[in-house]
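Provided herewith is a single structure, encoded as structure tokens, for subsequent inquiry.
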Amino acid sequence: MTLFIEIIGWIGSVLIVGSYFLNIQGKLDSKDSKYIWANLLGGICFIINTYAHHAYPSVAVNIVWVIIALFAIFRKK
């Protein structure tokens with residue numbers, strides 16, 4: 001189970017940092033649904049990982065991160 005939690009955390013890292021990198025490079029707009037979904041899924045992965053490690057301040061930050069992404073998704077509809 002520990003390996004699974006670590007893999008989830010790394011997936012979250014790749015999604016969030018990767019989408020941010022593509023945004024900074026001008027290849028992915030912050031309003032693009034791919035950017036928003038990458039942040040939403042990455043945030044969920046981080047919530048799982050940080051909760052498993054009892055890093056509750058990080059859990060709280062990532063909950064907010066996911067809520068922001070959800071607002072962006074529902075605003076587009």
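Everything numeric here is computed off the predicted structure, so don't read it as measured data. For reference, positions follow the sequence shown, starting with 1.
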ILVMFWY cluster, I73 and I63 together (side-chain gap under 4.5 Å)
yes
Same apolar cluster: I48 and F4, side chain cutoff 4.5 Å
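Linked, I48 and F4 end up in one cluster.
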| To the nearest 0.5 Å, how far apart are CD1 in I16 and OH in Y35? |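 Going from CD1 on I16 over to OH on Y35, the span is 9.0 Å.
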Joint hydrophobic cluster, I47 plus M1, side-chain heavy atoms closer than 4.5 Å: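 Yes: a chain of side-chain contacts under 4.5 Å links I47 to M1.
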Review point. Any idea which heavy atoms bring S19 and N39 closest together, and the distance?
Key: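 S19 and N39 have their closest heavy atoms at OG-ND2, 3.3 Å.
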Side chain to side chain contact (heavy atoms under 4.5 Å, CB included) between L22 and K34, intermediate numbers included
CA-CA 11 Å; L22 291 172; K34 292 175 197 163; over 6 Å; no
Heavy atoms of C45 and I11 approach each other most closely as SG-CG2, 4.0 Å
Determine whether F46 and V59 make a side-chain contact, defined as any pair of heavy atoms from C-beta on separated by less than 4.5 Å. no
Common cluster, L28/I24, ILVMFWY with side-chain heavy-atom separation under 4.5 Å:
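Yes; I24 is reachable from L28 via cluster members.
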When every non-hydrogen atom of I36 is compared with those of S30, the smallest separation belongs to CG1-O, 3.8 Å
Point to revise | L40 side chain reached by I44 side chain, heavy atoms, under 4.5 Å | key: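 The answer is yes; the side chains approach within 4.5 Å.
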Parallel, tilted or perpendicular: ring planes of H54 versus Y51, cut at 30 and 60 degrees |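 Aromatic pair H54/Y51 classed tilted.
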When every non-hydrogen atom of I5 is compared with those of N49, the smallest separation belongs to O-ND2, 2.9 Å
Cluster question for you: counting only ILVMFWY and a side-chain heavy-atom cut-off of under 4.5 Å, with indirect links fine, are F71 and W37 together? yes
